Structure formats: C-alpha cells, structure tokens
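First the structure, in the form of structure tokens, and then the observations on it.
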Protein chains: 2
Amino acid sequence: MSLKAAMPKLSDKQQHERRTRILDAAEQCFTRAGFHRTTMQDICKAAGVSPGAIYTWFDSKEALIGGITARNRDEVLASFAAMATASDFVAGMAATLEACVLNQPRAKSVLCLEIAAEATRNPAIAAMMATFDDAVRTSLADILSRAVEEGRIKPQLPLRDLMPAMNAIAEGMFWRRAVDPAFDAAGAGRAFVAMVSAVLRPTAAGTAQKPGDAPGSAELAEQGS
Amino acid sequence: MSLKAAMPKLSDKQQHERRTRILDAAEQCFTRAGFHRTTMQDICKAAGVSPGAIYTWFDSKEALIGGITARNRDEVLASFAAMATASDFVAGMAATLEACVLNQPRAKSVLCLEIAAEATRNPAIAAMMATFDDAVRTSLADILSRAVEEGRIKPQLPLRDLMPAMNAIAEGMFWRRAVDPAFDAAGAGRAFVAMVSAVLRPTAAGTAQKPGDAPGSAELAEQGS
DNA sequence: TCATGAAAAACGAACGACCGTTCTTTTATG
DNA sequence: CATAAAAGAACGGTCGTTCGTTTTTCATGA
C-alpha cells in the first residue's frame with residue numbers, strides 16, 4: 001500500500017479546523033440573512049476562503065445547512081443527557097431549559113427557525129430533526145417515567161399528552177424569541193416551570209428542600225395582576 | 001369632471017376577486033415549496049394568469065407574502081375577539097385554541113413557520129407581526145385581568161410572565177405541527193389547557209358547571225403513566 | 001339597447017442581473 | 001515531487017421584473 005506512495009493530506013485536526021471555519025461562517029451568514037438569501041460568495045467572504053475551498057469540503061450549499069444542523073443537534077443532545085442525572089426533578093428541568101434556550105443567544109433562535117422552515121421541505125434536514133426529536137423524547141420519557149415510578153411526581157394527565165406539550169413549549173420559546181426581540185425569556189421560563197410542575201405535582205419526596213438550590217424554580221409564589 | 005371622460009376600471013368586487021385569486025395561488029405555492037423556492041411562474045400557473053396580471057395588482061413578490069400575512073392576521077384576530085366574550089374562562093380558552101390551531105390544516109402551520117422566518121429579516125413582515133402580537137396580547141391581557149378582578153381566577157404567578165408563556169406555547173404547537181406530521185395536536189392541547197388552568201387556579205365561581213359544556217376542557221382527570 | 005372608444009387589465013416574450021457550481025491553474029504539504 | 005488544497009474567473013441556468021402589444025371592460029351617447 002505504499003510502494004511509490006505520496007499522499008499528502010491535511011491532518012485530521014486540520015481537516016476539522018477547515019470544516020469548522022466554513023461552517024461557522026455559513027452559520028453566521030444564514031443567521032443574518034437566511035439560507036436562501038445568503039450567497040456562496042457571502043460565505044466565502046465571511047470565511048476568508050474561495051469557492052473552491054468550500055467545495056473541497058462540502059458538496060453543496062445544502063450540505064452546509066446539513067452540517068450546521070448536525071452540529072447543533074449534537075450540542076443540544078449533550079445538554080439533554082445532563083438533565084437525566086439531575087437529582088431534583090424540577091430543578092433539573094429548569095437548568096436544562098436555561099442551558100438549551102435561555103442562555104443561548106437570540107441568533108440561535110433565528111437559526112433554529114430557519115432550520116425548522118427548511119426541514120418542512122428538505123428531506124435530509126427533516127430526517128436529522130426526526131432523529132433529534134426521537135432522542136429528546138426518549139430521554140424525557142425515561143426521566144419522567146422513572147420519576148413517576150419512584151413516586152417523586154404524580155402527573156395530572158397522561159405522560160403521552162404531557163411530553164409533546166412540553167416539547168412544543170420549549171420550541172415556542174425559540175419561536176417567540178426569534179420573532180420578538182423584546183420577549184422576556186426568563187419570565188416565560190419561570191411561567192413554564194410553574195405550569196409544568198403544577199401538572200406534574202411533584203411530591204415532597206421529589207423536591208430538594210435545601211435552600212439556595214434549584215436555580216430557576218425558587219420564587220414562584222407571587223400574586224398575579 | 002366628466003367632459004370627455006372615460007374611466008373603465010374593474011369594480012371593487014372584481015378587483016378584490018383578482019387579488020384574492022392571486023393571493024390564494026401564492027399561499028398555496030409558498031406553503032408547498034417555501035417563499036424562496038417558488039417562482040413567479042409557479043404562482044402564475046397556479047392562478048392561471050400571466051406575470052403581467054400579477055404585477056398589475058402587486059408590486060413585487062414580497063408584496064405577496066405581505067398580503068398573505070395581513071389576511072391571516074385578520075382571520076386570527078377575529079377568532080381572538082370571540083374569546084373575549086366567552087363566559088367560562090377555561091372553556092373559552094380551549095375553544096380559541098381549537099379554532100386558531102387545532103382546526104387549522106397542517107399546511108397553515110407550515111405557512112406560519114415560513115412567515116415567521118421571513119419576519120426575522122423582512123421589516124415589513126416584522127411590523128405586521130408586531131401589530132398582530134400587540135392585538136393578541138392586549139386582548140389576552142384584558143380577558144385575564146378582568147377574570148382576576150372578578151375573582152374567577154387566582155393566578156399563581158404574575159400575568160406579566162404568564163401571558164408571554166401562553167403565547168409561546170401556542171406558537172410552539174404551530175412549530176411542532178409543521179415540523180412533525182405525527183404530532184398529536186389534540187393531546188398537546190389538552191395538556192396545555194390543563195397546565196394553564198393549573199397555574200391560573202380558576203375558582204368555582206369562574207368555572208361553568210353545567211354538564212355537556214366546555215368542549216375541550218372536560219376530561220382532564222386521569223392518572224399519568 | 002347597442003355601438004363606441006379610451007383607458008385599464010392581461011398577455012407573454014425577452015432582459016438583465018445574479019448565483020451555485022465547475023474547471024483550470026496555482027500554491028501548499030508531507 | 002506527487003498530490004491535495006485553494007484560488008478565482010467563467011459558465012450555464014434561473015428568476016424577478018419589464019415592456020410593447022393585445023384584449024377586455026364599461027361609461028357614454030346615439
């Protein structure tokens with residue numbers, strides 16, 4: 001396999017660096033202007049490379065959203081896996097919400113909206129979203145049903161209905177943030193945690209009572225007006 | 001004002017008919033393929049007219065999404081105004097949810113996603129969404145604060161936080177439906193009503209108790225699993 | 001009631017600009 | 001030095017829009 005060989009390829013690390021640089025530029029452009037309004041030239045300029053360089057690493061413009069989607073999916077799944085290990089249920093949920101939604105820049109929301117719109121048309125993107133959703137759903141189902149078994153929560157209605165609703169709520173926060181810059185994500189997050197825990201009805205056993213714990217779910221008792 | 005006059009214009013009704021036919025075709029195309037992927041020729045074919053005809057009634061392709069957005073906004077606002085008159089609070093909310101989300105075809109969700117994505121870029125669309133959101137928010141605020149005053153609900157947290165959250169949830173259902181064809185909107189709707197009424201804590205006074213009333217909110221008592 | 005005609009409306013071929021991609025050439029790498 | 005990687009000009013195709021022409025519409029006056 002190496003008689004008169006000479007196969008000068010970039011090292012894995014360098015290849016990864018090239019791809020990342022291009023994906024970063026593309027993500028930035030897509031966020032700013034949307035997928036269809038950004039040209040390959042825009043991405044070239046943002047990445048500081050030529051068209052030829054991009055096509056060395058990616059087959060097409062579509063492959064770029066594909067790459068971005070995959071990258072984001074992996075990030076969120078990692079955040080999600082962490083929730084499974086949280087001891088206090090409500091606190092874990094609040095922390096995950098914070099990590100996956102509230103602490104993300106608004107630009108991320110815009111990008112997600114763009115990707116979701118694209119997914120309704122592009123089968124490749126749709127497939128990615130599907131495996132992503134599956135992973136999230138499975139993870140959430142595990143956590144919830146374990147909590148039920150251990151008597152830490154006593155849901156008011158079937159998990160089958162609850163879970164997609166929780167899913168929808170999180171996505172709604174993305175949407176709202178993307179569309180309305182004045183959206184108070186933190187306040188909505190508080191409301192979200194309050195609502196969910198109201199239907200889940202966590203028992204005393206399932207709620208950590210050490211003061212100074214539970215970052216996002218502490219001060220829920222206030223009178224409306 | 002009429003010496004040698006001659007001003008043959010289409011009647012208002014006919015003008016409206018032309019615009020409607022074109023907007024319908026455009027809406028259908030945008031839903032199927034997205035804004036940027038549908039060509040003016042596609043719309044011409046769908047409407048059975050020539051490019052010239054479209055440009056007689058609309059300035060540009062952008063003006064078409066503008067028109068569609070305005071039309072949808074007016075429809076939803078009308079549905080929303082109806083909620084204000086409902087006697088039973090929770091029932092009214094469930095009915096509105098049903099009319100504005102659940103009873104709409106999935107295609108509408110896809111279109112909304114498309115419009116939302118466009119709004120993050122196009123100032124004209126963004127402005128429309130903003131006035132729309134304002135109207136919805138005002139309407140919801142009126143209804144809720146009146147219910148509080150009359151002692152029909154006793155919210156667990158400030159309305160300021162609650163309202164955007166309700167907003168986000170409804171939009172999340174749109175998103176989810178658009179992205180995931182298998183999404184059980186009815187089940188999620190039930191969960192939504194349950195969650196919201198759990199934090200709103202409707203008093204006996206605010207809940208109609210006649211059996212056979214309250215279309216979407218009746219059977220909430222079930223044990224999870 | 002019908003013919004008239006002037007302007008609106010519709011037609012549809014063509015234009016001009018743009019954009020994703022390719023291809024040839026040059027540079028960098030191991 | 002052999003080949004991968006990057007460059008960047010150019011191509012082929014597409015699409016929103018325009019424009020000269022034809023058709024339709026309807027107030028008017030006979």
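Atoms considered below: every heavy atom in the structure, side chains included; atoms not considered: hydrogens, waters and symmetry mates. The sequence lines fix the lettering, A, B, ..., with proteins before strands; numbering per chain opens at 1. If you're wondering where the values come from, they're calculated on a predicted model, not measured in any experiment.
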Quickly work out the [X] [atom1] to [N] [atom2] distance and round it to whole Å.
| X | N | atom1 | atom2 | result |
| --- | --- | --- | --- | --- |
| B:Glu17 | C:dA9 | CD | C1' | 13 Å |
| A:Gln15 | D:dA5 | CD | C1' | 10 Å |
| B:Ile54 | C:dA8 | CD1 | P | 21 Å |
| B:Leu64 | D:dC15 | CG | P | 16 Å |
| B:Glu62 | D:dC15 | CD | P | 17 Å |
| A:Lys13 | C:dG30 | NZ | C1' | 18 Å |
| B:Phe58 | C:dA10 | CZ | P | 11 Å |
| B:His36 | D:dG16 | NE2 | C1' | 13 Å |

TODO: Quantify the bending of the helix from C:dT1-D:dA30 to C:dG30-D:dC1 as the angle between its end axes, each fitted on five pairs, to 10°.
DONE: 20°
Output the single nucleotide from [options] whose closest atom is nearest the side chain of [X].
| X | options | answer |
| --- | --- | --- |
| B:Trp57 | C:dA10, D:dA6, D:dG16 | C:dA10 |
| A:Gln41 | D:dT18, C:dC19, C:dT21 | C:dT21 |
| A:Met40 | C:dT22, C:dG20, C:dT29 | C:dG20 |
| A:Ser60 | C:dT21, D:dA6, C:dA10 | C:dT21 |
| A:Leu10 | D:dA5, D:dC15, C:dA9 | D:dA5 |
| B:Tyr55 | C:dC19, D:dG16, C:dA10 | D:dG16 |
| B:Val49 | C:dC11, D:dA5, C:dT21 | C:dC11 |
| B:Ala53 | D:dA5, D:dG8, C:dA10 | C:dA10 |

Task: Within 6.0 angstrom of A:Arg73 CZ, more than 12 heavy atoms from elsewhere - done: yes
TODO: Please check if atom CG in A:Asp74 has more than 12 non-hydrogen atoms from other residues, nucleotides or ligands closer than 6.0 Å.
DONE: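 Yes, enclosed.
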Quick one: does [X]'s side chain get under 4.5 Å of [Y]'s, heavy atoms only?
| X | Y | value |
| --- | --- | --- |
| A:Ile115 | A:Phe30 | no |
| A:Val148 | A:Leu159 | yes |
| B:His16 | B:Asp12 | no |
| B:Ile169 | A:Met173 | no |
| A:Met93 | A:Met166 | yes |

Open item on the list: For A:Thr38 and B:Arg18, find the nucleotide of DNA chain C closest to each by heavy atoms; which residue's nucleotide sits nearer the 5' end?
Closed with: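 Between the two, 5'-proximity favours B:Arg18.
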Open item on the list: Does anything in residues 100-110 of chain B form a salt bridge (charged side-chain N to carboxylate O under 4.0 Å, His left out)? List the pairs, not counting sequence neighbours.
Closed with: B:Glu27-B:Lys108, B:Glu75-B:Lys108
Open item on the list: Side-chain N or O of B:Thr56 versus OP1/OP2 of C:dA9: is the shortest distance under 4.0 Å?
Closed with: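 No.
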Open item on the list: Taking any heavy-atom pair under 4.0 Å as a contact, classify A:Gln14: base, sugar-phosphate, or nothing.
Closed with: sugar-phosphate
- [ ] Tell me which of A:Ser50 and B:Arg37 sits closer to the 5' end of DNA chain D, going by the nucleotide each one is nearest to.
- [x]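 Comparing both residues, the 5'-ward one is A:Ser50.
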